[in-house]
Undergrad: 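Just passing along the structure, written as structure tokens.
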There are 2 protein chains.
Amino acid sequence: MIGSGGVQADFCTTCTVRPNSVCSVIEPGDISRLAEVAVESIVPPGRGFIEEGAPATDFFNVTSGTVKLFKALPDGRRQITGFAAPGHFLGLAVSDSYAFGAEAVDTVRVCRFSREKMTELLDDFPKLERRLLEEASNELVAAQNQMLLLGRKTARERVASFLLDQMHAGLPPGQDGNGGRLHLPMTRGDIADYLGLTIETVSRTLSWMRAQGMIEVGKGYAITVLSVAKLEVLAAGNG
Amino acid sequence: MIGSGGVQADFCTTCTVRPNSVCSVIEPGDISRLAEVAVESIVPPGRGFIEEGAPATDFFNVTSGTVKLFKALPDGRRQITGFAAPGHFLGLAVSDSYAFGAEAVDTVRVCRFSREKMTELLDDFPKLERRLLEEASNELVAAQNQMLLLGRKTARERVASFLLDQMHAGLPPGQDGNGGRLHLPMTRGDIADYLGLTIETVSRTLSWMRAQGMIEVGKGYAITVLSVAKLEVLAAGNG
DNA sequence: CGGGTAGTTGATGGTCATCAAGGGGGGTGG
DNA sequence: CCACCCCCCTTGATGACCATCAACTACCCG
């Protein structure tokens with residue numbers, strides 16, 4: 001993990017994800033305060049930067065790339081609890097240790113804030129706290145959806161739900177992306193750990209969807225959704 | 001659902017769960033503000049008081065009893081995302097409609113706040129917002145644990161985890177309850193919907209644990225945990 | 001006594017995990 | 001440049017775990 005001090009005054013001014021992140025609530029005049037406490041890091045693919053159970057010293061803001069968040073059992077079984085896209089805020093653990101691990105899926109850039117600096121910011125900018133509450137509430141809704149998926153949906157329903165989620169991810173509401181073309185940065189193993197399945201089941205299910213004419217599976221990490229309607233029928237629980 | 005206006009000045013002063021709830025951050029001198037906007041309701045067992053998808057007009061604070069929170073699929077499959085004990089705050093939906101339903105398990109009393117009154121309170125008492133963020137963060141941690149359970153644990157591991165959670169629920173940390181004696185207010189069906197299992201599997205698993213000498217299953221809703229250690233081995237993933 | 005709900009236990013089957021084999025792409029080193 | 005390896009993915013065969021279907025008991029209330 002490469003760190004570079006955020007001492008430049010324009011560090012946050014030029015940040016492309018600021019409009020989508022919690023930082024957007026800081027007024028332009030106060031942005032320098034933000035830049036003073038932010039440290040940018042680049043995390044290579046596969047590298048972890050939050051260890052489950054370790055002391056929670058920092059908060060993070062993803063500025064580019066995709067991060068996987070996960071919990072693990074002693075024997076190695078792993079559950080990915082979410083993927084964090086640019087703009088996502090990480091580290092909302094109240095206790096003094098992280099309740100989850102975080103690892104870069106592809107090349108990731110994050111802004112790091114120390115816990116104490118963050119507390120100062122919260123004291124000075126009440127809007128920031130409100131924004132964090134909003135962020136946390138959104139995550140709670142997502143978590144509840146995921147619990148429904150993990151507890152009650154079949155493999156096909158899970159994969160369909162996942163593909164639909166990915167189509168809407170990172171897009172403003174009401175937009176449907178570019179013709180259903182997806183570029184998933186994560187491996188089949190990651191998808192499996194996210195959906196509570198095995199690699200083989202994910203692979204088989206995607207193949208089945210391809211045979212049904214619902215999707216096209218391209219090279220690398222490309223998937224094209226051909227029929228959103230069919231996927232929605234599946235995801236809603238008819239499959 | 002029976003409503004009674006919270007116009008009494010001592011309404012919140014005498015509230016037994018205030019120390020454990022978000023209301024604790026309101027200074028004694030300002031408690032009247034709280035009492036003005038709170039409306040107490042009594043909800044009989046099995047009655048729902050938050051409907052998934054309905055406009056989110058109110059916030060709730062559980063003052064006695066147990067509430068189940070759930071999401072459902074069109075065909076009736078249901079996932080209980082959590083049980084809310086006294087002191088628990090409900091309704092943290094950012095969007096304008098509830099993302100989940102809520103239903104009384106046993107007889108429940110709740111304090112209801114209208115959304116707009118709550119917003120006023122948040123403006124006047126910044127501490128309240130911080131407390132809510134704390135509450136939301138705790139729920140997120142619980143949600144992540146539940147995702148691990150639903151996605152990666154076996155039936156036995158799930159039931160063991162559930163029983164252990166119930167032993168610690170509603171107790172201050174470091175306390176181990178009264179000799180492992182539990183009084184679960186929810187039915188086998190509720191437990192099944194919470195753990196992503198069926199009624200039969202929950203029942204069979206409890207019978208198996210009884211045969212192993214881990215628990216005693218009493219009449220009604222009583223369960224006595226005889227060996228916390230064995231359950232912990234199971235819950236951690238050796239079963 | 002009859003009906004309804006909740007729980008337990010048994011028999012059977014389906015869905016998905018596990019075990020196993022093979023293909024394809026990208027990297028490194030000869 | 002090609003051989004080699006490793007990782008990721010796919011596909012097949014088998015089996016385990018848990019859902020489903022079903023019967024029965026206990027309990028509560030009218």
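Source: prediction; values computed, not measured. Chain letters run A, B, ... following the sequence lines, proteins first, then strands; residues in each count from 1.
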Undergrad: Examine A:Arg78 relative to A:Phe70 and say whether NZ or CZ is less than 6.0 Å from the centre of the six-membered ring and inside a 45° cone about the ring axis.
TA: yes
Undergrad: Is B:Ser207 touching bases, backbone alone, or none of the nucleic acid, heavy atoms closer than 4.0 Å?
TA: sugar-phosphate
Undergrad: Under 4.0 Å from OP1 or OP2 of C:dA17: is there any side-chain N or O of A:Thr201 that close?
TA: yes
Undergrad: Verify the neighbour count for atom CD of B:Gln212: are there more than 12 heavy atoms of other residues, nucleotides or ligands below 6.0 Å?
TA: yes
Undergrad: What nucleotide among C:dG7, C:dG10, D:dC8 has an atom nearest to a side-chain atom of B:Tyr221?
TA: C:dG7
Undergrad: With heavy atoms under 4.0 Å as the rule, sort B:Arg152 into base, sugar-phosphate or nothing.
TA: nothing
Undergrad: Of the listed nucleotides (C:dG7, D:dT20, D:dC8), which one gets closest to any side-chain atom of A:Thr187?
TA: D:dC8
Undergrad: Would you kindly give the CZ-to-P distance between A:Arg210 and D:dT10, to the nearest whole Å?
TA: 8 Å
Undergrad: By the 4.0 Å heavy-atom rule, please label A:Gly196 as base, sugar-phosphate, or nothing.
TA: sugar-phosphate
Undergrad: Between the base of C:dT9 and the side chain of B:Arg188, is there a donor and acceptor pair under 3.5 angstrom?
TA: no
Undergrad: Determine whether any donor atom in the side chain of A:Arg204 lies under 3.5 Å from an acceptor atom in the base of D:dG12, or the reverse, and answer yes or no.
TA: yes
Undergrad: Taking donor-acceptor contacts at under 3.5 Å, does the side chain of A:Arg158 reach the base of C:dT15?
TA: no
Undergrad: I'd like to know whether the aromatic ring centres of B:Phe60 and B:Phe89 sit less than 6.0 Å apart in this structure.
TA: no
Undergrad: Choose from D:dT20, D:dA19, C:dC16 the nucleotide whose nearest atom is closest to any side-chain atom of B:Leu197.
TA: D:dA19
